[in-house]
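Any value given below was found using the heavy atoms of this structure, including those in side chains, with hydrogens, waters and symmetry copies removed. Chain naming here is simple, since letters A, B, ... match the order of the sequence lines and numbering starts at 1 in each.
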Amino acid sequence: MSLTPAVPTLEGRSGVAVQFQGLHRYYGAVHALDGLDLDIAPGELVALLGPSGCGKTTALRALAGLDTPDAGRIVVDGRDITDVPANKRDMGMVFQAYSLFPNMTARDNVAYGLRLRGMDSQTRSRRADEMLDLVGLAKQGGRYSYQLSGGQQQRVALARALAIQPKVLLLDEPLSALDAKVRRVLRDEIRRIQIAVGTTTLFVTHDQEEALALGDRVGVMSNGRLEQIAAPMELYDRPRTPFVAEFVGLTNRIAGTASDGTVDVLGTRIPLLEGSTRSGKVSALVRPEAMRLAREDGAPARVIAISFLGSVCRAQVRLPDGNLVVAQMAAADATGLTPGAAVHVDVRPSPVFAVAD
Amino acid sequence: MSRRRRLPGSLARWAVIVLVGGYLILPLVSMLEFSTRGDLGTRSLDAWVAIGGDPNLVEAIITTLAIAALTVVGMLALLVPTMTWTYLRVPKLKRPVEFLCLLPLAIPAVVLVVGIVPIYSILTRATRGSPLVLVFIDIILVLPYAHRAIDAGLKSIDVITLAEAARSLGAGWPRVILQIIVPNLRGALLSASVIAVALVLGEFTISSLLNYDTLQVVINLLGKRDSYLSVAVSLAALLFAFVLIYGIAVVAGGKRRPVEESIEEGVA
Amino acid sequence: MASLPASERQPGAGPASGGAGSRSRTRSAYLPTLPFFGYVALFLILPTLIVAVGAFQTADGLPTLDVMTTVLTGSTFHRAFTRSIELSLVSAILGAVFGGLLAWAVASGGPGGRLRQFAVAGSSVLAQFGGVMLAFAFLATFGLRGFATLILRDTTGIDLTRDSSWVYGMTGLIVVYTYFQIPLMVIVFLPALDGLRREWREASTSLGGSAWSYWRHVGGPILAPSFLGAALLLFANAFSAYATAAALVSQGSPIVPLQIREALTSEVILGQANVGKALALGMIIVVAVVMTLYALVQRRASRWLR
């Protein structure tokens, strides 16, 4: 069962509302979309996050019209567009890679949609150059795709999609094929441009850092269903299903005993999040930053390895029951910790999710 | 409730396949019909059975198969070490080798024959007129196709990394080639060999102009004498070559898919 | 996207190289390739040279332009070249168009799949290894007692045998040559069609384009160089073909390859000793020109379809 919390209203952004209502899609025996319900507010950027095969790309392609659902409705700006052919849906799409027409310059690529709409040559060129300027490629209009880097190609693809002033902007893992550094820069630019233009956007990715950084709301999908959709911080702090709890962020599984709305972990009693298993032997899903390596309180443990990551340090620690967990702390607090050191571990009392053993 | 729209493109697609494909299949059907004609409109397999009964034909089949086998061996012995070597040690020679292997496409067989007569008269005297001497030139004819198959194979297995790994573990060059590279090229080598066999079975130009009795030459001679038999054996040869090539494609087509990584990354 | 594909990397020097003597080691590294080059030189380059040189020699080996002049200006030879070019041109165009359509139909099913494998295997057999056998297939279909001839006569009354020699003349050659050009087109053109990325079609669609706008602005222009290249290849293939014509045409030598057959098999006439070589040289020149054009066109095609 998918949860649809109240859809936020975003100040100052135009765009149209999008709804998925009970979408089903089968590929043979595989149930790619299992009753998907999703509301996107006008101007909102919703990131769909999930592992390969979870249905996120299927959902996006259904919205684009490149894939026909077997059941359910898609509503855009109040109109049911489920039966509208893909080339009449007025949506802009950015693909993962290779989508620029290789026989056209960047400018001609961007102008393609305008050409199809009957715009004359001069106006098209001008408009295309404006869009290229928006994505930071004002001087590259005359280049062909094989003369552009991966990041530049994706910018052109974005300009091309936005040139037609689409009702909805669809991004299918646009950054996945790029180098890490380019990815981060482009990610921020996409967000900046999206906010400036105000188009309702659906962004599909398997990279949680990307999803949490970009989305007004993030929807986690698994097996064709929407597990939870919420603002990034809420998703991270208050997961509602075991899948979300483990998929988003790093988690340690630590044995504990649950009873009466709380769970006893390593000597501390902490409140349980809604949806957890409420009694008996459980595994508590504890974030690394909630682990404390105090010298006195808690269970005795041994540090196995330390990773320095700039602003934080992560320590791999072996618990008395043999379990290996990861603890994270500010780098300053990690002075004195060395591999082999004996420490005591306990858990901060912020609410956790617990699953049955 | 299923809502499935059939793309208009697929109707056009099947129309083309049926029409053009039909045009291609028509002569094959005709051959089948022609070669199974009996007396007064009956069907008969006499022509097919007669294939085994004509001694010239049988001898030609055996000879041609022998030539094919030797051609495969010669082609492999010539190309595999050479191409592997250019990949591993002398990459500058890759282009020249490729050019030479593609050259037979630009020099028609009928032209090659004209130039090879003096060379072959020497060879014929040396081998006392055995048709096996055709192997030498059949290898040349096969080069373009065999090169393409082996080249594709070498590209796909990242030869350089494999060789570097083997060398760093202590293997010498012969061992690297024989025990590491070649086993990984099995698919490509099989492909090249099958093409070579099919080509030799179908070769006519050079055999006939040099006056050797290979399969195609005999079929051609038969055609003047017994059309039913010649059509039957032609169809048989075509089907045989098709089974070979299709079989290889099916066997090689079972490509292994990369195993999916499980997602373990988290947020810092 | 920054790293080189594996096939382009240079091999490492290896754990035991460099230092003194490395230059001689590098030179000796070329040695193992010698058998290959020697073999090709003997059985490919040498015959070609024999042809090229012999075309300019008299029966006694003296240099002369007479043979080439006879071949280039003599009316029989002139007509043979013209017919060869006509035959190759027509069969190449027909083969390119219908073969291209068939290739598109097969490629639409995506790589892999049984129809595709079947089509590729079938095309390989019919295109390359058919020669004599296809001649008989043709006769079994359109000959005096051919399958199609009989059916057409019985059902529609069209009697193909009224002008019974059409099968053995130029019209017949065009029909049967087209027959093996179509599969060759499928083989040569399929990779180009595979190179059409699905994303291009989908991008065009999502931007509002119909099938026509896609093919007119994107698909067509991208495929044009490959299509032209394939057609050139088909031309060269038809021009060089021997077996089918040799099996069909037993009287007369309407095309150049058959002229060569006549030159080789008939009695050597004084002054006509090297006619075969001259004809062969003529063929080489035509095919070489076509293949060079093909290579140039291919380079343009591969730039876009990487």
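At least one donor-acceptor pair closer than 3.5 Å links the side chain of B:Trp85 to the backbone N or O of C:Ala29. Judged purely by atom type and a 3.5 angstrom limit, B:Tyr23 has no side-chain atom pairing as donor or acceptor with the backbone of C:Phe98. Remark: side-chain polar atoms of B:Arg13 are paired, donor with acceptor, to backbone N or O of C:Ala105 under 3.5 angstrom.
Heavy atoms closer than 4.5 Å to chain C are found in the side chain of B:Tyr145, but not in its backbone. Using a 4.5 Å cut-off between heavy atoms, B:Ser227 touches chain C through its side chain atoms alone. Interface remark: B:Gln216 contributes backbone and side-chain atoms alike to the contact with chain C (heavy atom separation under 4.5 Å). For B:Val200, no part lies under 4.5 angstrom from a heavy atom of chain C. Of the two parts of B:Ile119, only the side chain, counted from C-beta on, holds a non-hydrogen atom closer than 4.5 Å to a non-hydrogen atom of chain C. Looking at C:Leu233, neither its backbone nor its side chain comes within 4.5 Å of chain B, counting heavy atoms on both sides. The part of B:Ser208 that comes within reach of chain C is its side chain, from C-beta onward, which places non-hydrogen atoms under 4.5 angstrom from that chain. In this structure, the portions of C:Leu101 lying under 4.5 Å from any heavy atom of chain B include both its backbone and its side chain. Proximity to chain C is limited to the side chain of B:Leu209, based on heavy atoms less than 4.5 angstrom apart. For a residue to count as touching a neighbouring chain, one of its non-hydrogen atoms must lie under 4.5 Å from one of that chain's; by this rule B:Ala106 touches chain C with backbone and side chain alike. In this structure, the portion of B:Leu123 lying under 4.5 Å from any heavy atom of chain C is its side chain and not its backbone. At a 4.5 Å heavy-atom cutoff, the contact between B:Leu143 and chain C is made by side-chain atoms alone. For B:Leu79, the part lying near chain C is the side chain, with the backbone staying farther off; criterion is any non-hydrogen pair under 4.5 Å.
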For this session: Applying ring pair (Phe, Tyr, Trp, His ring centres under 6.0 Å), run through B:Tyr228 and C:Phe136 and close with a yes or a no.
Result: CA-CA 10 Å; B:Tyr228 294 112; C:Phe136 289 141; over 10 Å; no

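Of the listed residues (B:Val117, B:Val231, B:Ile139), the one with the most heavy-atom contacts under 4.5 Å to chain C is B:Ile139.
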